[in-house]
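Along the sequence shown, residues are numbered consecutively beginning with 1.
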Amino acid sequence: MTAPMSVASSAVRLLIPRPERPSQPLFIFLPGMDGSGTLLRSQLDRLVPWFDVRCVAISNQDNTDWESLARQVSALIESALAADSAKNSAHQNLAKGEASQGRCRTVYLCGESFGGCLAMQVLSLSPHLFDRVILVNPASSFRRLPWMQLGSMLTRQLPDLAYRYSARGLVPFLIEANRVPKRDRIALEKAMGSVPVKTAAWRMLLLSRFEAERLPLEHLSHPVLLIAGRQDKLLPSIREARSLQHRFPNAHLTVLPNSGHACLLEWDVNLSKILRQHGFLAP
């Protein structure tokens, strides 16, 4: 990945994984539990013809609540859009005293797993920033699963080194191994192992407190695409996606029959193709 753009807060930053494409819609990716923002790697080459891609990275020292984290992400995106607007105004040589009104381009918000929950928080807080939303196996069912709550409590008791090994042990539950290239399996293991135990425990606690029922999803008219893997061994993603589909006024659901939880790493999952099939891309 190229160097990150300027930091808007101590907790979050935007990574620019490919050269900027200011004439294309902005695609904001919110990552899973690893928070690294680097695991969109296998989708990038297929997304960049359509988008200017930015990946949110969350600091391993972050321990803010959902609302604070959502505010920081919103501020980061607003800063990126303001920079775009300023560049656009300068490029067009606007006359003195003339100002550019509103956003200068379409913005897509995509959240995977933990990032799906964060995406719903950010969307509820700042709906004016976004035009379309993609939620991939959102982890909003976490608090309703007793074994996940137990795992969260046990994680808090582990030494850091023990957690790093146990995090790698979770990888078979996150992916369908025969569908993920070796380099991406290694990247996932590395990303999972890079999260300190205190940070992992905090993010699990956030998930255990996340209540989609408290968010005003029924009042959000954005087109929403829910993507769920039928072979998800970690969470009941299809059931959760169907529940969310009933709450969003303008939502569509697509089920990937052979995919696991971290489906965007799978070799035959083409996110841009899925978006095109559901009318989420311009002709």
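- Atoms CZ and SG, on F51 and C110 in that order, are 9.0 Å from each other to the nearest 0.5 Å.
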Stepwise side chain to side chain contact (heavy atoms under 4.5 Å, CB included) test for Q121 and S124: CA-CA 5 Å; Q121 290 278 167; S124 299; 5.9 Å; no

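- Rounding to the nearest 0.5 angstrom, the gap separating the CG atom in L253 from the CZ atom in F248 is 12.5 Å.
- Checking side-chain atoms of T106 against main-chain N and O of P25 turns up no donor-acceptor pair under 3.5 Å.
- Of all the heavy atoms in A251 and Q245, the pair that sits closest is O-NE2, 3.9 Å.
- With hydrogens and angles ignored, the 3.5 Å screen pairs a side-chain donor or acceptor of S194 with a backbone N or O of A191.
- Few gaps surround CZ on R276; more than 12 heavy atoms of other groups in view lie less than 6.0 Å from it.
- Side-chain atoms of Q43 come within 3.5 Å of backbone N or O of L264 as a donor-acceptor pair.
- Contact of the L265 side chain with the L188 side chain is registered, since non-hydrogen atoms from C-beta on lie closer than 4.5 Å.
- Between the side chain of R179 and the backbone N or O of W267, no donor-acceptor pair lies under 3.5 Å.
- To the nearest 0.5 Å, atoms CG (L40) and CG (L47) are separated by 6.0 Å.
- Under a 4.0 Å N-O distance rule, the pair E67/R71 qualifies as a salt bridge.
- Of the possible polar contacts, none joining the Y108 side chain to the V53 backbone as a donor-acceptor pair under 3.5 Å is found.
- Nearest heavy-atom pair across M33 and F114 is N-CB, 3.7 Å.
- Residues N137 and L235 form no side-chain contact, since every pair of their non-hydrogen atoms from C-beta on lies 4.5 Å or further apart.
- The structure places CG of L135 at 11.5 Å from OG of S113, a figure rounded to the nearest 0.5 Å.
- Side chain of R41 to backbone of D184: no donor-acceptor contact under 3.5 angstrom is found.
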Working for side chain to side chain contact (heavy atoms under 4.5 Å, CB included), residues D62 and T199: CA-CA 7 Å; D62 173 62; T199 304; over 6 Å; no

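- Looking only at side-chain heavy atoms (C-beta outward), L205 and R203 stay at 4.5 Å or farther from each other.
- Between Q72 and A11 the shortest heavy-atom distance is OE1-CB, 3.2 Å.
- Minimum heavy-atom separation, D34 to V195: O-CG2, 3.5 Å.
- The side-chain heavy atoms of P236 and L145, taken from C-beta on, include a pair separated by under 4.5 Å.
- By the 4.0 Å N-to-carboxylate-O rule, E213 lies close enough to R143 to be salt-bridged with it.
- When all heavy atoms of E240 and S141 are compared, the pair lying nearest together is OE1-CB, 3.5 Å.
- Both V48 and F29 sit in one connected hydrophobic cluster of ILVMFWY residues. Membership requires side-chain heavy atoms under 4.5 Å apart, directly or through other members.
- Hydrophobic clustering (side-chain heavy atoms under 4.5 Å, transitive across Ile, Leu, Val, Met, Phe, Trp, Tyr) keeps I186 apart from F173.
- Of all the heavy atoms in C117 and A139, the pair that sits closest is SG-C, 3.5 Å.
- Separation of atoms NE2 (H128) and OG (S126) is listed at 5.0 Å; rounding is to 0.5 Å.
- S140 OG to L244 CG: the interatomic distance, rounded to the nearest 0.5 Å, is 4.5 Å.
- Remark: the backbone N or O of T64 is not paired with any side-chain donor or acceptor of S68 at under 3.5 angstrom.
- Side chains of L76 and E78 form no contact here, defined as non-hydrogen atoms less than 4.5 Å apart.
- With R46 contributing its side chain and S42 its backbone, the two residues share a donor-acceptor pair below 3.5 Å.
- Using a 4.5 Å cut-off on side-chain heavy atoms (C-beta onward), I175 and E266 make no contact.
- Here the rule is side-chain contact (heavy atoms from CB on, under 4.5 Å) with L69, and of V56, V122, V12 only V12 fits it.
- In this pair, F210 and W66 present their aromatic rings perpendicular. The plane angle is above 60°, beyond the 30 to 60° band.
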Pair Q24-L26, side chain to side chain contact (heavy atoms under 4.5 Å, CB included): steps then yes or no: CA-CA 6 Å; Q24 299 293 79; L26 192 62; over 6 Å; no

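- Donor-acceptor pairing under 3.5 Å is lacking for the side chains of S259 and Q231.
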Donor-acceptor pairs under 3.5 angstrom involving side-chain atoms of residues 218-230: please list them, not counting sequence neighbours.
| residue | atom | partner | partner atom | Å |
| --- | --- | --- | --- | --- |
| E218 | OE1 | R247 | NH2 | 2.9 |
| E218 | OE2 | R247 | NE | 2.7 |
| E218 | OE2 | R247 | NH2 | 3.2 |
| H222 | NE2 | P127 | O | 2.8 |
| H222 | NE2 | F130 | O | 3.3 |

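- Residues L118 and L125 fall into different hydrophobic clusters, defined by Ile, Leu, Val, Met, Phe, Trp and Tyr side chains chained together at heavy-atom separations under 4.5 Å.
- No donor-acceptor pair under 3.5 Å is formed between the side chain of D232 and the backbone N or O of G260.
- More than 12 heavy atoms of other shown residues, nucleotides or ligands fall within 6.0 angstrom of atom NZ in K233.
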Working for side chain to side chain contact (heavy atoms under 4.5 Å, CB included), residues L129 and S74: CA-CA 8 Å; L129 292 178; S74 295; 4.3 Å; yes

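- At a threshold of 4.0 Å, the pair R54-D52 counts as salt-bridged, since one of the basic side-chain nitrogens sits closer than that to a carboxylate oxygen.
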